[in-house]
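Report on the following structure.
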Amino acid sequence: RSRPAVCLPACLSVCLSLSLLYLCCAGPLLLNWMPVMSSHERLCDFLNLLVNIIHYNSTYLDDHVISGLVQYSCAICDRFEPVAAVLKACLSVFDSVLRYSCLPVNALRPLIVTLCLSVNREAVCHTSWQLVSNLLGTHLGDK
């Protein structure tokens, strides 16, 4: 029996268009999940997923998505301040945004407030200072 011939360029084109569709829809989907996941027991795992998505796919995340993710993460930091693991995961999200994306201006104020509050926590003090230093080195550092 002979196998039917598969057109490799057509298969690659379909796979590429499906992956681009996924990447374009992933940001709004994650943004919609933030309120639900902020009260979930696997919150740290979800925040680590955000870190990976921002790290490897930040090109496909729009400014309003990045801004929403940062603002929700700031709210999570305010709500879960005593939990060091949650604070560290949120700071990792901020670090990924500052390193691999462009922080929107409307997310600047909540981020600064959160960093100022977290710098007083011993468990995340050094990380918070490092993020403030990284923030000052971005395009928003002179604002």
Checklist line | Those residues that, when tested against Ser67, pass side-chain contact (heavy atoms from CB on, under 4.5 Å) (two or more places apart) | finding: Gln71, Pro104, Asn106, Ala107

Next item on the list: Please check if Val36 and Val93 belong to a single hydrophobic cluster, counting links between Ile, Leu, Val, Met, Phe, Trp and Tyr side chain heavy atoms closer than 4.5 Å.
Entry: no

Notebook entry, point to check: Can you list the steps and then say if Leu69 with Leu31 is a side chain to side chain contact (heavy atoms under 4.5 Å, CB included)?
Noted result: CA-CA 6 Å; Leu69 294 176; Leu31 192 57; 4.2 Å; yes

Margin query: Measuring from atom OG of Ser101 to atom CG of Asp62, what distance do you get when rounded to the nearest 0.5 angstrom?
Written below: 10.0 Å

Checklist line | Straight-line distance of Leu108 CG to Ile112 CD1, nearest 0.5 Å | finding: 4.0 Å

Margin query: Rounded to the nearest 0.5 Å, what separates atom CD1 in Ile66 from atom CG in Leu30?
Written below: 10.0 Å

Margin query: Would you compute the distance between atom CE of Met37 and atom CG of Asn32 and round it to the nearest 0.5 angstrom?
Written below: 13.5 Å

Checklist line | Atom of Gly27, atom of Val65 and distance for their closest heavy-atom approach | finding: O-CG1, 3.6 Å

Next item on the list: Check whether any side-chain heavy atom of Asn120 lies under 4.5 Å from a side-chain heavy atom of Cys125, and answer yes or no.
Entry: no

Check: Members other than Leu117 in its cluster, when Ile, Leu, Val, Met, Phe, Trp, Tyr link by side-chain heavy atoms under 4.5 Å?
Finding: Val113

Can you give the donor-acceptor pairs under 3.5 Å from side chains of residues 46-56 to other protein atoms, not counting sequence neighbours?
residue	atom	partner	partner atom	Å
Asn48	ND2	Cys44	O	3.1
His55	ND1	Tyr100	OH	3.1

Check: If you look only at pairs with a residue in residues 116-137, which of them pass as a ring-ring contact (aromatic ring centres under 6.0 Å, His included), with sequence neighbours excluded?
Finding: none

Notebook entry, point to check: Once you round to the nearest 0.5 Å, how far does CG of Leu61 lie from SG of Cys102?
Noted result: 12.5 Å

Margin query: Could you measure the distance from the CZ atom of Phe94 to the CG atom of Leu103? Nearest 0.5 Å is fine.
Written below: 9.5 Å

Note to self: Could you work out, with side-chain contact (heavy atoms from CB on, under 4.5 Å) as the rule, every residue matching Val124, not counting sequence neighbours?
What the structure shows: Leu87, Lys88, Leu91, Ser118, Arg121, Ser128

Notebook entry, point to check: Can you list every salt bridge (charged side-chain N to carboxylate O under 4.0 Å, His left out) pair that touches residues 92-105, not counting sequence neighbours?
Noted result: Asp95-Arg99

Next item on the list: Could you please spell out the steps behind the side chain to side chain contact (heavy atoms under 4.5 Å, CB included) verdict for Leu135 and Leu98?
Entry: CA-CA 7 Å; Leu135 177 61; Leu98 290 176; 3.8 Å; yes

